[in-house]
Amino acid sequence: MDNILEIKNVTKEFPGVLALDNVSFNIRRGEVHVLIGENGAGKSTLMKILSGVYQANSGKVLLNGDEIDFSNPKEAQLAGISIIYQEFSLIPYLNAVENIFLGREYKKNGVLDKKRMTEEAKDLLDTFEVEIDLEKSVNQLSVAEQQFIEIAKAVSINDNVLILDEPTATLTNQETEILFNLIRNLKEKGVTMIFISHHLEEAFEIGDRLTCLRDGKWVGTENISDLSEKKIIKMMVGRDIGDTFPDREGKYQKEIMIEVNDLKRNEKEEFINFKVRKGEILGVAGLVGSGRTEMARALIGADKVLSKEIYINGKKVEINSPSDALDNGIGLIPENRKSQGLILGLSVKDNISINSLDKILKSNLFINKKEEKKRSQKLVEDLNIKTPSLKQTVKNLSGGNQQKVVLAKWLGTDSNVLIFDEPTRGIDVGAKLEIYKLMNELVDMGISIIMISSELPEVLAISDRIMIMHKNKINAVLDNNEDVDQETIMYYATGGEQYDRAT
Amino acid sequence: AQDDDQISIGMSFQEMNNEYFIVMREALESAAKSIGAEVMYTDARHDVNKQISDVQDMVTKGIDILLLNPADSVGAEAAVQYAKDQGVYVIAIDAQAEGPIDAFVGSKNYDAGYKAGQEMAKDLNGEGKVAILDGIPVVPILERVEGFRAAISEYPDIEIVDVQNGQQERSKAMSVTENMMQANPDLDAIFSVNDTGALGSLAAIKSANEDIKLYSVDGHPEAIEAILNGDIFQATSAQFPRDQVRIGIGIGLAKYWGAEKMPEKIPVPVKLINDENAEGFSW
Amino acid sequence: MTGQLSDKIKNNNFKELLKKPEVLTFAGLILLSLFMSIFTDTFLTGRNLVNVARQISINGIIAVGMTFVILTAGIDLSVGSVMAFSGTMLAAGMADWGLHPVLAIFFALLVGGLFGLINGTLISYANMPPIIVTLAMMEVPRGLALLYTGGYPLSGLPSSFSVLGRGYVFGFLPVPVLIMAVVYLIAYILLTQLPFGRYIYAIGGNEEAVRLSGIKVKKYKIFAYVISGLTAATSGIVITSRLMSGQPMAGTGFELDAIAAVVLGGTDIAGGRGSIIGTIIGAFTLGVLTNGLNLLGVSPYVQRVFKGLIILLAIYFSSKKKK
Amino acid sequence: MTGQLSDKIKNNNFKELLKKPEVLTFAGLILLSLFMSIFTDTFLTGRNLVNVARQISINGIIAVGMTFVILTAGIDLSVGSVMAFSGTMLAAGMADWGLHPVLAIFFALLVGGLFGLINGTLISYANMPPIIVTLAMMEVPRGLALLYTGGYPLSGLPSSFSVLGRGYVFGFLPVPVLIMAVVYLIAYILLTQLPFGRYIYAIGGNEEAVRLSGIKVKKYKIFAYVISGLTAATSGIVITSRLMSGQPMAGTGFELDAIAAVVLGGTDIAGGRGSIIGTIIGAFTLGVLTNGLNLLGVSPYVQRVFKGLIILLAIYFSSKKKK
Ligand SMILES: Nc1ncnc2c1ncn2[C@@H]1O[C@H](COP(=O)(O)OP(=O)(O)OP(=O)(O)O)[C@@H](O)[C@H]1O
Ligand SMILES: Nc1ncnc2c1ncn2[C@@H]1O[C@H](COP(=O)(O)OP(=O)(O)OP(=O)(O)O)[C@@H](O)[C@H]1O
Ligand SMILES: [Mg+2]
Ligand SMILES: [Mg+2]
């Protein structure tokens, strides 16, 4: 087996951050090479260097033995390296065909050959076994559909090396399976792949070898068959962290904290009704597109509803906007932290205090800046947010730390009900554990948590009860006991009615 | 008012993209040159607030005499006041300015409108449908329209069927005229408050192949040329911008030298130019 | 069952159609025209419609370049000044330097394209915000035009040159309208049939993603501004011929009319979505509005109020649809 | 070792400081002033500096509201027209309806605020793009002003009223400058000391995130436009007093000057970043430029070219720093 890529002493510095520190390892021809590491370890940065987005400050990369120095992604593509970015990079108002062929349009007689492109795109997507409306602009498609279009785009360039930066973060299990089949197919065709994921089990499922980065440094490259999950985690965080999930305590109280009645967004939907007790974690499971996010948004008044009754501590409250929700102690930690959770250009402090400013007023008018700093500093310490200072703009934090900033913001408001929408999406194991622990601390304080998650192990490990949605309605609400497993949840999530254990 | 002996003259124009004012600037420069005076000028771009700033800056620079071509009669008062307070002699040119000005030099605008109206009535043999292409509502323009209306009122069979505003700007006047012709298909003649507007009308009438006679005020070289061409543009009441400036400077200098008994208002006559006397006319 | 289904499809298609903002504006245009036809007896005459078409040609042509720029999520406030400067240079070419009209026209286009190139380069390479670059560029070319002419309009153009602004083809179609039609046709082909057009839309949708796709974003963005410069110059040529003189002060405020036409035509001011057909509809709507109000004898002051309110109304409906 | 470290820190602080775009503009302003002091003997006189301050007060006040609006990632093109209408109503209040000046001033502010409210409501609730709403609103209030006055300036104001535009305090400080200073002080407190200011910045950074955080985004966005309407009206009051007449055509093109001041002052046209101190620096820079060029006796045509180029240069440097 020879090396298709040799990474030698690559160093990359951003202002104030050493993202990659003298990293060296090789990628073998035809393998699926898994790259792991905590948030901010430098994985995406390294991949962006390979694909010509960034240039290394020092060190070199050899492709088939020749040194490469791409100054833009096109050059990398021409040399056979393409990448699917962690952040979506589709054009929202163009359709699937237009996106797939962007930059390499077919022409006939000097004008666009739309027919040929449509046909080829269709063929390509057919091999993925997904049906995508080719007429619709991609911003009208689901996240998963967009993901497949991205992959189709990369694959159709017919690469030597395909880089997938957390492609599964937004996919369901089934969709992940389809993706893995695709990866196996490509591997058979001789495509070399670099695969980044925070899901360790995925490494075992499709990976050949694994490289781990920590704080921008290379930690090791091993055959996956020689590794165990525990070992990988130790490589990542540099120590044993014990279990991946904290112990579930289930100490919730009797009183109902929040009761949602007759929530309905439009005529086509059925009513949604549920309750959450004080100090309880209600897990919300369901397939992508089952309407969990939309339920949550409707609940806090971010979107319009047809009908909705909400009781907090038995008292009826009117929630017609997120600010009503805030006033009544309900907060949403949204699923897309960059576009919905953070003000990327503002500092850590400003982000954290944005919705608790009126709690710290001087003479009822002015911001008490000392108090603001103190409170923010405390939250940063409590949540162990890695940031050089309170003044750092959140844009420069890694994903996990950004997520914690959103959390800190809501902890600062003394809310009683917190809705976490995919709280651990794109977050490393260490940070995940911290977030789980934090949830436990919150429920200990009597806060109620609604946790929307597509990761079934997480739902099973954290929730007191599990609510399963299917096609915008609640299909089942289960007490989370020994009888409930992934299979049960999937059964209801796919529309099953009365679950019969015997069959 | 300044420490050195050289006389310094400043002129603040309401705008500087009309030949009328450019000619004034030329007269200003050549007159100043012949007496060895320093000269400066500014362009208010129709904004009287900018004009005040411009005047302040020129006064700061040390002018002795200010020729003020006001963008607005009332609004220019602050500029007049400021200049007077600093001991500068202020002569309003072309349009009246409020405040303690030393003199006003301007055309007999009422006459200009009246003469054009008379000429139009004569050409139409006392009957027809006519329209007014109005302009920016400042006193001289208003007086022209007044004069024109007075002349027309002497002819009961001439009807003013439309009044539209072309803002004294060529392309604007052109499209306004187009619409005017649509709304009044049997239009015989148009009176424009100035030549720039009339030239816009001319473009519209020509490309529509209509037969509508044009009358105006100013004496703009292109208008003279059009009159000589002889088909549509019939006459313009010519003003004498160079003379306005020359008289203005003269009065300013007299004041500067200490003259006390000076006329406060010097109306400059206008002259009707038609195809008979257009040859050789120029500002 | 099948009947129901096809009904549903039809219904959907119809709804889809209604979602296109330019369709809405088109409906508005029809309504407006209907209104004018009923309340004036001159609106619906051949001569008047030809007139309206000629009146909008200046703004219509400028709006083409503006469409390209706005699609890339940019804006070009310099069009009026560039138009004035190109027109002035055209007149200077013929009157002062004795160039053949055709040569002078090329020169004028070159001047317009050059300013587009400068705008585009500053925006693309120096990463300066379009609104500011082109705001500053409202001053420079106009200043140069005034400087060159000393403030005078430049006249003395060869009489043959008047055909571009005042002539007719087939006896009824004004040349400016023909020029406008050609410009729109070219723009239509560019935007819908060539990769270039794709990139223009894509850049407005997600510039970073387009860059990562290996497309030379900077180059195409510059092209958009060059096109805007060229259409401004084309308008400058038409207006110079119409007025038979180079007018350094022409085009003041034209940028706002062009933007209004583009946005009335349903193009998203934030870029990425829109169509050139929408733009011509938008330009016609503005033209019919002004013409109609004039024919109705509405005072120019009231016209301003009307114009503002109607733009608001149109955008209100189209932004409601978009949601 | 420690010496080195503290050097490094100092260096860093200095670099941080230089990164603030308003610092850059301030340096530019100093440079420009230095240049003018050397090349004219009148620039650096008390009287002239007072003049410059008074000259910029109109634009400086409008630029305050513009700063709020731009910080929220919006824009307000209607300021010039709102200013004209407020000023006209103020004059009408005193001259036509015999209102006491103080009452008339309140009325003018009310009118300005009302137009801000309309702009803001359309932008916030109807979700219409700011550039279009305020573009259309360039026409409406000016049309109303012209309609009311019939196009004439409205004069006949009580002479006591002239103090706001022409008076002095302490014998040397022009009242308009004092008014401007007060407006800036209030704006500074609003933006830096109150939650409101934080929200304004945050909304410009990521409106959706702020909304989901439970902040009443729509309300605060409307406030920004109301403030812009109020500062436009304040300018209208000052200018009406300076001119002792209500001028329906005042303020044409003022929106561009205000935007230029805001952006020269380092505020990001895309919202979320900037400062009110930068804006006053920007306004002064523009003022010194015009005043200096006048004092240098530069021809008005060349002044246009210069002004455009200097804005370009300033933005070039500040956008380079930002990167
Ligand atoms: N453009 C940038 N400017 C400044 N710092 C950056 C930039 N991009 C990345 N960084 C920093 O470089 C470090 C590595 O980031 P990178 O995105 O490579 O991490 P990652 O391993 O992909 O993390 P994740 O798992 O969260 O995606 C982080 O500290 C990040 O904050
Ligand atoms: N911008 C959009 N345009 C059109 N449809 C959308 C859009 N966003 C979401 N949808 C659709 O709305 C439905 C519900 O989506 P929602 O995000 O609520 O699902 P979810 O259960 O939260 O899934 P996820 O795991 O992706 O968060 C899906 O069918 C999805 O495809
Ligand atoms: Mg990453
Ligand atoms: Mg979701």
Side-chain angles (χ1 to χ4, degrees), chain C residues 70 75 77-78 81 118 122 126-133 135-151 248 252-253 255-257 259-260 262-264 268-270 299-320 322-323, chain D residues 70 75 77-78 81 118 122 126-133 135-151 248 252-253 255-257 259-260 262-264 268-270 299-320 322-323:
Chain C
I70 291 182
I75 196 131
L77 300 178
S78 72
S81 304
I118 297 174
L122 290 174
N127 225 2
M128 293 159 72
I131 192 168
I132 303 306
V133 169
L135 180 89
M137 274 296 176
M138 290 177 83
E139 299 291 318
V140 179
R142 192 177 301 285
L144 292 175
L146 285 164
L147 204 61
Y148 179 82
T149 65
T252 325
E255 62 284 353
L256 297 180
D257 282 342
I259 295 170
V262 173
V263 179
L264 272 182
D268 188 344
I269 192 83
S299 114
Y301 304 148
V302 180
Q303 286 196 23
R304 278 177 180 264
V305 180
F306 262 51
K307 195 172 148 191
L309 291 181
I310 291 212
I311 295 181
L312 279 182
L313 206 73
I315 307 296
Y316 174 73
F317 279 113
S318 83
S319 48
K320 244 179 87 165
K322 243 181 250 159
K323 266 180 69 178
Chain D
I70 291 183
I75 196 133
L77 300 179
S78 71
S81 304
I118 297 174
L122 290 174
N127 224 2
M128 293 159 72
I131 192 168
I132 304 305
V133 169
L135 181 87
M137 274 296 176
M138 289 177 84
E139 300 292 318
V140 180
R142 192 176 300 285
L144 292 175
L146 286 164
L147 203 62
Y148 181 82
T149 62
T252 322
E255 62 284 355
L256 298 179
D257 283 341
I259 296 171
V262 173
V263 179
L264 272 181
D268 190 343
I269 192 83
S299 118
Y301 305 148
V302 180
Q303 285 196 22
R304 281 178 184 264
V305 180
F306 260 51
K307 194 173 148 191
L309 291 180
I310 290 211
I311 294 182
L312 279 181
L313 206 75
I315 307 297
Y316 174 73
F317 279 112
S318 82
S319 48
K320 241 177 89 166
K322 244 181 251 161
K323 265 180 71 177

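All figures in this text were calculated on a predicted structure; none of them were measured in a lab. To find a chain, count down the sequence lines: A is the first, B the second, and so on, and within it residues start at 1.
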Pick one of side chain, backbone, both or neither for [X], based on which atoms fall under 4.5 Å of a heavy atom in chain D.
X         : value
Ile75(C)  : side chain
Ala145(C) : neither
Leu264(C) : neither
Val302(C) : both
Ile131(C) : side chain

Is it the backbone or the side chain of Thr252(D) that comes under 4.5 Å from a heavy atom of chain C, or both, or neither?
->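 Neither part.
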
For residues Gly151(D) and Tyr301(C), report the shortest heavy-atom separation together with the two atoms involved.
->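 Heavy-atom minimum between the residues: CA-OH, 3.5 Å.
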
Please report the shortest heavy-atom distance between Ile315(D) and Met128(C), naming the atom on each side.
->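 For Ile315(D) and Met128(C), the tightest heavy-atom pair comes out as CB-CE, 4.0 Å.
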
Show me the donor-acceptor pairs, under 3.5 Å and distance only, between side chains in residues 135-142 of chain C and residues at least two apart or in other chains.
{"residue": "Arg142(C)", "atom": "NH1", "partner": "Pro248(C)", "partner atom": "O", "Å": "2.9"}
{"residue": "Arg142(C)", "atom": "NH1", "partner": "Ala250(C)", "partner atom": "O", "Å": "2.9"}
{"residue": "Arg142(C)", "atom": "NH2", "partner": "Ala250(C)", "partner atom": "O", "Å": "3.2"}

Distance (rounded to the nearest 0.5 Å) between Leu312(D) CG and Leu122(C) CG =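 Atom-to-atom, Leu312(D):CG and Leu122(C):CG are 6.0 Å apart.
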
Between Ile311(D), Ile132(D), Leu144(D), the one whose heavy-atom pairs under 4.5 Å with chain C are most numerous | Ile132(D)

Count the heavy-atom pairs under 4.5 Å between each of Leu147(D), Leu77(D), Val133(D) and chain C, then report the option with the highest count.
->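 Result: the option with the highest number of such pairs is Leu147(D).
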
Salt bridge (charged side-chain N to carboxylate O under 4.0 Å, His left out) involving Glu255(D) - partner list, sequence neighbours excluded | none

